[in-house]
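Okay, structure first, notes after.
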Amino acid sequence: MKITTKGQVTIPMAMRKRFGLKPHMEVTFEENHGQLILRPSETRKQRFLRGLKTVAGSAKKGLSTDEIMKLTRGED
């Protein structure tokens with residue numbers, strides 16, 4: 001397989017099917033111990049779910065709704 005002058009290569013059909021690579025799909029290139037790795041990029045949904053896992057359980061118990069309402073209304 002050769003790289004074109006534009007830096008393009010053709011991924012064989014069997015490899016595209018095996019790894020679920022579809023036309024117009026975003027991919028990322030990573031380097032790992034001197035090897036080049038191509039993998040599908042995370043979808044927006046996957047990034048969102050990963051973000052949720054990061055913040056899950058991080059909320060602390062604070063003011064009640066009634067306490068917040070008193071503060072915003074200026075009540076003592």
Side-chain angles (χ1 to χ4, degrees):
M1 184 178 313
K2 292 183 182 181
I3 299 174
T4 68
T5 57
K6 292 183 178 183
Q8 299 170 335
V9 295
T10 300
I11 303 169
M13 177 64 78
M15 298 296 259
R16 293 193 311 260
K17 284 184 179 181
R18 179 176 175 187
F19 294 101
L21 301 174
K22 309 255 188 240
H24 310 291
M25 179 181 268
E26 293 284 327
V27 296
T28 57
F29 291 91
E30 299 172 12
E31 188 269 332
N32 186 10
H33 301 290
Q35 294 184 339
L36 180 63
I37 299 171
L38 175 137
R39 67 179 72 226
S41 295
E42 278 187 316
T43 64
R44 279 189 238 175
K45 181 178 179 180
Q46 289 169 328
R47 282 192 299 275
F48 175 74
L49 293 174
R50 185 170 42 83
L52 283 180
K53 285 182 184 178
T54 301
V55 298
S58 65
K60 305 285 188 259
K61 184 176 179 183
L63 300 174
S64 70
T65 304
D66 289 335
E67 292 169 324
I68 294 170
M69 294 305 291
K70 284 180 183 179
L71 287 172
T72 58
R73 292 180 179 153
E75 299 175 9
D76 290 327

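Just so we're clear, the structure is a prediction, and the values are computed from it rather than from any experiment.
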When you look at CG of L36, are more than 12 heavy atoms from neighbouring residues, nucleotides or ligands closer to it than 6.0 Å?
yes

Using 0.5 Å steps for rounding, measure from the CE atom of M15 to the CG atom of L38.
10.0 Å

Answer whether the closest heavy-atom distance between the side chains of T28 and I37 falls below 4.5 Å.
no

Within the supplied structure, the quantity of interest is the number of heavy atoms (other residues, nucleotides, ligands) at a distance under 6.0 Å from M25 CE; does it exceed 12?
yes

So, S58 side chain and T54 main chain: donor-acceptor pair closer than 3.5 Å or not?
no

Roughly how far apart are K70 NZ and D66 CG, rounded to 0.5 Å?
6.5 Å

With sequence neighbours left out, the residues meeting side chain to side chain contact (heavy atoms under 4.5 Å, CB included) with L63 are E67, I68, L71

Indicate yes or no: at least one non-hydrogen side-chain atom of L49 is less than 4.5 angstrom from one of K45.
yes

Check whether any side-chain heavy atom of P40 sits under 4.5 Å from a side-chain heavy atom of K22, and report yes or no.
no

Where is the tightest heavy-atom contact between T43 and Q46, given as atom of each residue plus distance?
N-OE1, 2.8 Å

Whether over 12 other heavy atoms sit under 6.0 Å from E31 CD
yes

By side-chain hydrogen bond (donor to acceptor under 3.5 Å, both in side chains) - contacts of E30 (at least two apart):
R39

Less than 4.5 Å apart, any side-chain heavy atom of I11 and any of L21?
yes

